[in-house]
Amino acid sequence: MRTNRAVRTPGGLSVRVDVRALAVVVLLLLAALAASVVLIGTGDFPIPAADVLKALFGEGDAGQEFIVTELRLPRVLVGLLVGASLGLGGALFQAISRNPLGSPDVLGLGQGATAGALTVIVLMSGSATEVTAGALVGGLATGAGIYLLAWKQGVHGYRLVLVGIGMSAIVTAVNGYLLTKADLVDATRAVVWMTGSLNGRDWSQVWPLLALCAVLVPLVLANARGLRMMEMGDDVSYALGVRVERVRMLLMVAAVLLTAAATAAAGPVSFVALTAPQLARRLTRSPGPNLLPSLCMGAALLVTADWASQRAFGADQLPVGVVTGVLGGVYLLWLLVAERRAGRI
């Protein structure tokens with residue numbers, strides 16, 4: 001049994017609230033914040049959680065405040081924003097394609113952003129800002145190519161996934177070629193970036209990603225009703241007054257921007273966009289797109305994976321992309337087996 005309640009606002013607007021989904025969102029937010037506090041206190045100079053909170057509110061000593069606010073807080077904020085962007089982008093693509101495999105990882109958007117960044121690194125020896133811009137352009141170009149190739153009286157289901165898989169293979173080959181043309185220094189720099197890492201992130205990565213999320217997240221949530229209607233099919237959505245192609249294109253552009261911006265900020269952190277929406281759906285037990293739970297799940301997953309990359313392997317600190325890749329690969333295999341047993345692939 002699902003628990004739904006109708007809430008009436010002072011202006012007379014009635015809103016249906018899914019109590020279970022709301023509880024999941026609150027719990028995931030608390031988990032993400034708790035993991036963030038623990039992560040800020042983790043490092044060569046460990047800081048207890050209570051002292052981290054004091055430093056965040058400006059009540060700690062000067063040394064701890066510098067470590068917390070200048071060195072560790074930006075990294076954690078980038079992790080939260082990247083995880084949230086990937087979780088929301090993955091939920092959008094899976095809802096649009098109506099396929100649990102329709103995530104940016106499978107469709108090749110991360111590889112496209114990587115190609116843009118590699119082009120700047122290898123051919124131009126660009127700065128960090130130029131690499132970020134290259135990743136954004138590469139992600140947008142790949143998204144546009146997938147949309148145009150998948151278009152045939154609309155963009156539907158498995159056609160989008162199949163075109164994305166083909167595009168991913170092409171872009172991966174281009175990335176391999178670019179690496180072979182790089183000198184040793186640029187190749188090393190490129191491989192480190194391609195792994196996906198939060199090391200060395202500062203406030204210059206926080207503000208652009210925060211501004212983009214501040215614009216795109218409300219825009220996406222405002223179109224959540226149309227997206228949910230589209231899950232019943234285009235004909236039904238048209239009959240209910242939804243401008244299907246307009247909503248679909250708007251949300252795809254938003255998903256591509258979120259994915260490209262996250263990749264530009266932290267590199268191609270794999271499988272968060274694939275797993276976060278599915279885990280959120282299993283917690284809420286809701287058949288809808290679960291946009292807000294997916295956003296919160298992505299943020300919680302990434303900061304938890306970053307903590308694990310620093311603490312779970314002894315003295316060896318791994319890039320967060322390695323941890324998410326291993327866990328996500330196992331999850332993808334399980335998902336493929338489950339889809340096959342259900343007769344959907």
Side-chain angles (χ1 to χ4, degrees), residues 27-49 51-53 55-56 67-90 104-105 110 113-114 128 132 135 191-210 213 258-259 261-277 279-280 294-331:
L27 291 175
L28 287 174
L29 282 175
L30 292 175
L33 293 175
S36 299
V37 171
V38 173
L39 183 57
I40 291 174
T42 300
D44 294 333
F45 184 76
I47 303 175
D51 292 338
V52 170
L53 292 174
L56 289 174
I67 293 173
V68 169
T69 60
E70 297 298 326
L71 300 181
R72 296 180 182 174
L73 180 59
R75 172 191 178 123
V76 172
L77 289 177
V78 170
L80 289 171
L81 290 170
V82 167
S85 299
L86 292 175
L88 182 57
D105 304 295
T114 301
T132 300
V191 169
V192 170
W193 189 90
M194 289 173 63
T195 304
S197 175
L198 297 175
N199 292 335
R201 297 303 181 264
D202 56 29
W203 290 104
S204 64
Q205 280 91 27
V206 173
W207 299 121
L209 192 54
L210 180 61
C213 289
L258 288 167
T259 304
T263 304
V269 180
S270 57
F271 288 112
V272 173
L274 175 68
T275 57
L279 293 176
S294 299
L295 181 152
C296 298
M297 177 62 77
L301 277 178
L302 194 56
V303 292
T304 303
D306 193 34
W307 176 86
S309 70
Q310 295 186 53
R311 304 297 296 174
F313 301 94
D316 297 326
Q317 293 190 8
L318 299 178
V320 67
V322 174
V323 177
T324 60
V326 171
L327 298 178
V330 173
Y331 177 81

Check your understanding: Should Leu33 and Val37 count as side-chain neighbours, where that means a heavy-atom distance under 4.5 Å?
Key -> no
Taking every heavy atom of Pro319 against every heavy atom of Ser197, the minimum-distance pair comes out as CB-CB, 4.0 Å
Exercise. Between the main-chain N or O of Leu73 and the side-chain N or O of Arg75, is there a donor-acceptor pair closer than 3.5 Å?
Worked result: no
Per side chain to side chain contact (heavy atoms under 4.5 Å, CB included), Leu80 is matched among Asp306, Val303, Leu209, Val206 by Val303
Rounding to 0.5 Å, atoms CD1 (Ile40) and CZ (Arg72) come to a distance of 9.0 Å
Tightest non-hydrogen contact, residues Trp203 and Pro74, listed as NE1-CG, 3.3 Å
Smallest heavy-atom separation, Ala276 atom then Met297 atom, equals O-CG, 3.5 Å
For Gly90 and Pro277 the tightest heavy-atom approach is C-CG, 3.6 Å
The reported gap from CD in Gln205 to OG1 in Thr132 (rounded to nearest 0.5 angstrom) is 6.5 Å
Is there a side-chain contact between Leu301 and Leu86 in this structure, where contact means two heavy atoms from C-beta onward sitting under 4.5 Å apart? no
CG of Leu295 to SG of Cys213, rounded to nearest 0.5 Å, is 7.5 Å
message = Would the distance check show the side chain of Asp105 and the main-chain N or O of Ser270 forming a donor-acceptor pair, the cut-off being under 3.5 Å?
response = no
Distance col, row Cys296:SG vs Leu30:CG, nearest 0.5 angstrom, shows 10.0 Å
On a heavy-atom basis, the closest approach of Gly79 and Leu302 is O-CD2, 3.2 Å
| said: I'd like to know if the side chain of Gln310 reaches the main chain of Trp307, judged simply by a donor and an acceptor atom lying under 3.5 Å from each other, with no hydrogens or angles considered. | reply: no
In terms of heavy-atom contacts, Ala35 and Thr304 come closest through CB-OG1, 4.0 Å
Looking at Trp207, I want to see if its CH2 is surrounded by more than 12 non-hydrogen atoms of other residues, nucleotides or ligands under 6.0 Å. no
Taken to the nearest 0.5 Å, the spacing of Leu198 CG from Leu77 CG works out to 11.0 Å
For Thr69, the side-chain hydrogen bond (donor to acceptor under 3.5 Å, both in side chains) test, sequence neighbours excluded, returns none
